[in-house]
Every structure is written in C-alpha cells, then in structure tokens.
Chemist: 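Handing you this structure, nothing more for now.
Just the heavy atoms: all of them, side chains too, but no hydrogens, waters or symmetry mates, feed the values below.
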Amino acid sequence: MKHKNNIAKAVSLAAGLLFSASALSANWNIAVGDGGSSAQEALGLKFIELLEAKTGGKHSAKLFLNGQLGSEQDTVNDVALGTTDFSILASNNLTPFSPSLGILSLPYIFENLDQAIAATEGSIADELVENTIRDSNTRILGWTYSGFRVLSNSKKPIQKISDLEGVVVRVPKNEIMIDTYQSWGINPTPMAWSETFTALQQGVVDGQDTPYTTIYAMKFGEVQKYIADLHYLFLLEPLIISESLFQDQDAATQKAILEAGKEATKYSISWLKEKESIIKDELVNKYNMQIDTLQDEAEWAARAQKAVWPKFYESVGGKDKVNELLRSLGRAEI
C-alpha cells in the first residue's frame, strides 16, 4: 500500500536519526486533532497526569490541539519517523497505514458503547496493536471512546435516506466511509479534518459526521443547524506513540507508558458517560441545534452492510475475522 511503503522508506532513511533529542526528552509532544473540551483532549490530559505520576515527574507531555502539528493522517507519518512523539486521532485516519484497523469502521459493526469497549479489550484489539506496529511503526497505547458519529448539516432535517439528496457531506479520506455514504445514494466529499470547519463555514460542504462531543468541541454549532442521530460508526480514537521512541525507553518507563495508556482508556469511558448527554443539551440550548431521530435506521444499516462489508473483508483480515469480532460482541455471525 502506498502509505505503508512511504513510511517504510522514510523510516529506513531516517534510521540514524531516530535516537534523537525527542526520544530522550522528558517533555514529549502529543498531536491532537480536536479542540478543547473534546474526548481526545480528555484522554490526553489524563494520560499526561498518569504518566507524570507513574514516572515520579521524570516524564511529561504537552497537548497540541486543533491539528497544530498537522492533519491527523500527517501525524501518523510524523510519529512513525519520531519527529512527533504521540498522536491522538480517529481510527479511520490510521486505517490507510494499517488496513486491518478498518474492521472498526465497518458500518454498524457496533450497536452500543459496551460493544466498542469489548472490541478494544479483546484479542482482536491485541492483534490490531501488533499489526499497527508492523505496518506503521506506531504503537497504540490507549483508546478514546468518542461516541457514535452523527450527521450534522446546515441545509435541512434528515430523518430518512432520501433526505440526503442534495446535501454535500464531508467525510474523511477513508474508503469504507466513502462507500458507506455511496450505499445511501450520495457521493460524499473526502476532506482533511483540519479543513472541515472552514469548508462548512464557506458552504463548500453542507455537512459532516462526527460525535456529539466533537461537534461541541469544534464549535460546529456555529455553522450547522441540524443533527441526524445516526449510529453507523462508533468512533474509537487511538493514542499512538512512535514505536522507535517506545523502544528507546527503559523497561520502567515502557511499563509506565503502557499503564498510563490503559488507565486513560478506562477514564475515557467514564468521561463519555458523564459528558455526552450534557453536551447534547448544550448543542440544543446554546447553539439552537435541532436533533432528529431516523425513521428507519434498520434500512440504513441493511444497505450499508450489504454494499460495504463484503468489499472490505480481505483488507480487514477476512470474513472469518469479522465473524470472530461479531462473536466477541455477542452478535450473530454473517
């Protein structure tokens, strides 16, 4: 794959530079795609707090919010090379570099938060961590639970599939998500996350899909009016570290980093449970947004699963791997 090959070449060329000041630094940088008050920020702040406590203050880190260190996909390359230490990003933006992660983006693979938690705590998650190290020279340390991606737009209420007609929707540069919208009869507009607010503001696109927590953190209520309460994709956002940086650490520091990642993941669950309903109320009351329930979401799910899942079986590890995940979630096999 192009992204994978580029990373491999770049890592090879930079091999002599990987043991750098960044690798030795006690004050690391964490790239964050979203803004303040986001689930990404909450995970990052908790990780830093835990890291400092577990290393006796020897190691710390700083968050760079709102894509200050580059787009989420760009930071994967930077972390792989060790020029950025950590990144918190949507799993769909890591998938182009490690395709098996696409299993987390199959439409309607998760029905609720508990299933998303189960997926990140089971054997499949362990495989995904190892695959990502192999494919991208980055290591997943923890997971941000950001909630289901709901569809916001500035044009009209959306309650059924036919309401999508005429609405220009921004999606990440992710084939699974692009094909999902195509299964519903529209061609979405792939766009970098860092460009999305401006595109919404200027009317280049009418809408986008992200969780309630992200809509609030990114102040999309200033440029969006309607939200369709969609449940096609539960957004998991991994915290990744340069594998080269991780291997440069002594055993005690590695242990502290891994433990901080696991405990920050647990914190992310409680943060979402506490904040999501409050944030939904804020979007309605502060920004005057309208939240609409889909009339027949079973139809949305049936169309997407029929059109999208078979196309990506091979890249995510095979149909048997999908069934393995479904079994682990207590769901029927396909």
Side-chain angles (χ1 to χ4, degrees), residues 1-15 17-18 22-23 28-34 40 43-44 64 67 69-106 109 119-120 124-144 146 149 171-180 190-196 233-247 261 308 311-318 321-322 325:
M1 188 163 222
K2 183 178 178 182
H3 286 298
K4 181 179 172 182
N5 291 337
N6 287 344
I7 286 178
K9 290 176 182 177
V11 169
S12 176
L13 289 171
L17 299 176
L18 286 173
S22 174
W28 291 316
N29 296 330
I30 303 178
V32 181
D34 289 348
Q40 288 186 356
L43 177 96
F64 289 83
L69 299 185
S71 71
E72 290 192 353
Q73 286 198 9
D74 286 344
T75 65
V76 180
N77 279 308
D78 295 338
V79 171
L81 289 170
T83 56
T84 296
D85 306 311
F86 299 80
S87 180
I88 304 172
L89 71 164
S91 60
N92 50 270
N93 284 323
L94 189 53
T95 299
F97 304 89
S98 189
S100 62
L101 277 169
I103 198 168
L104 304 177
S105 297
L106 292 176
I109 193 73
T120 55
I124 287 181
D126 294 336
E127 279 186 50
L128 294 176
V129 171
E130 292 303 316
N131 291 348
T132 304
I133 293 171
R134 178 198 67 205
D135 296 339
S136 68
N137 197 46
T138 69
R139 175 184 291 261
I140 296 172
L141 298 173
W143 300 90
T144 312
S146 294
R149 298 183 76 116
V171 295
K173 297 175 182 179
N174 177 277
E175 293 179 6
I176 294 175
M177 297 173 73
I178 292 169
D179 285 1
T180 296
M191 182 181 293
W193 180 236
S194 57
E195 301 170 5
T196 303
L233 197 163
F234 190 99
L235 183 57
L236 293 163
E237 303 191 279
L239 165 66
I240 61 172
I241 183 176
S242 163
E243 179 63 9
S244 301
L245 174 60
F246 181 78
Q247 293 301 332
V308 179
K311 185 175 179 179
F312 292 94
Y313 286 150
E314 183 177 354
S315 65
V316 303
K321 185 61 64 178
V322 175
L325 175 57

Chemist: For Pro172 and Arg149, which heavy atoms make the closest approach, and how far apart are they?
Modeler: CG-NH2, 3.7 Å
Chemist: Suppose we screen for salt bridge (Lys or Arg N to Asp or Glu O under 4.0 Å). Which residues come up paired with Lys311, at least two apart in sequence or across chains?
Modeler: Asp179
Chemist: Are Ile140 and Leu239 packed together at the side-chain level, in the sense that at least one heavy-atom pair is separated by less than 4.5 angstrom?
Modeler: no
Chemist: Can you check whether Ser91's main-chain N or O pairs, donor with acceptor, with Thr95's side chain at less than 3.5 Å?
Modeler: yes
Chemist: Are Arg139 and Thr132 packed together at the side-chain level, in the sense that at least one heavy-atom pair is separated by less than 4.5 angstrom?
Modeler: no
Chemist: Can a donor-acceptor pair be found, under 3.5 Å and without considering hydrogens, that links the side chain of Ser98 to the backbone of Leu101?
Modeler: no
Chemist: State, with a plain yes or no, whether a side-chain heavy atom of Ile240 is found less than 4.5 Å away from one of Phe86.
Modeler: no
Chemist: Show the nearest heavy-atom pair for residues Lys173 and Pro96, with the distance to one decimal.
Modeler: O-CG, 4.2 Å
Chemist: Rounded at 0.5 Å granularity, tell me how far CG in Leu233 sits from OG1 in Thr180.
Modeler: 7.5 Å
Chemist: Are the side chain of Thr138 and the backbone of Ala80 linked by a donor-acceptor contact shorter than 3.5 Å?
Modeler: no
Chemist: Does Ser146 form a side-chain hydrogen bond (donor to acceptor under 3.5 Å, both in side chains) with Thr144? I'd like the steps, not just the answer.
Modeler: CA-CA 6 Å; Ser146 294; Thr144 312; 5.4 Å; no
Chemist: Who passes side chain to side chain donor-acceptor pair (under 3.5 Å) against Gln247, sequence neighbours left out?
Modeler: Glu243
Chemist: Judged by atom type as modelled, is there a donor-acceptor pair below 3.5 Å linking the side chain of Asn29 to the main-chain atoms of Asp85?
Modeler: no
Chemist: Which heavy atom of Phe97 sits nearest to which heavy atom of Gln73, and what is that distance?
Modeler: CZ-O, 3.5 Å
Chemist: Can you check whether Leu69 reaches Asp78 side chain to side chain, under 4.5 Å on heavy atoms?
Modeler: no
Chemist: Determine yes or no for a side-chain-to-main-chain donor-acceptor pair under 3.5 angstrom, with Glu237 supplying the side chain and Trp143 the backbone.
Modeler: no
Chemist: Give a yes or no on whether the backbone of Leu245 and the side-chain of Ser242 come within a donor-acceptor separation of less than 3.5 Å.
Modeler: yes
Chemist: Let me see the working for Asn93 and Val76 under side-chain contact (heavy atoms from CB on, under 4.5 Å), right down to the final yes or no.
Modeler: CA-CA 8 Å; Asn93 284 323; Val76 180; 5.8 Å; no
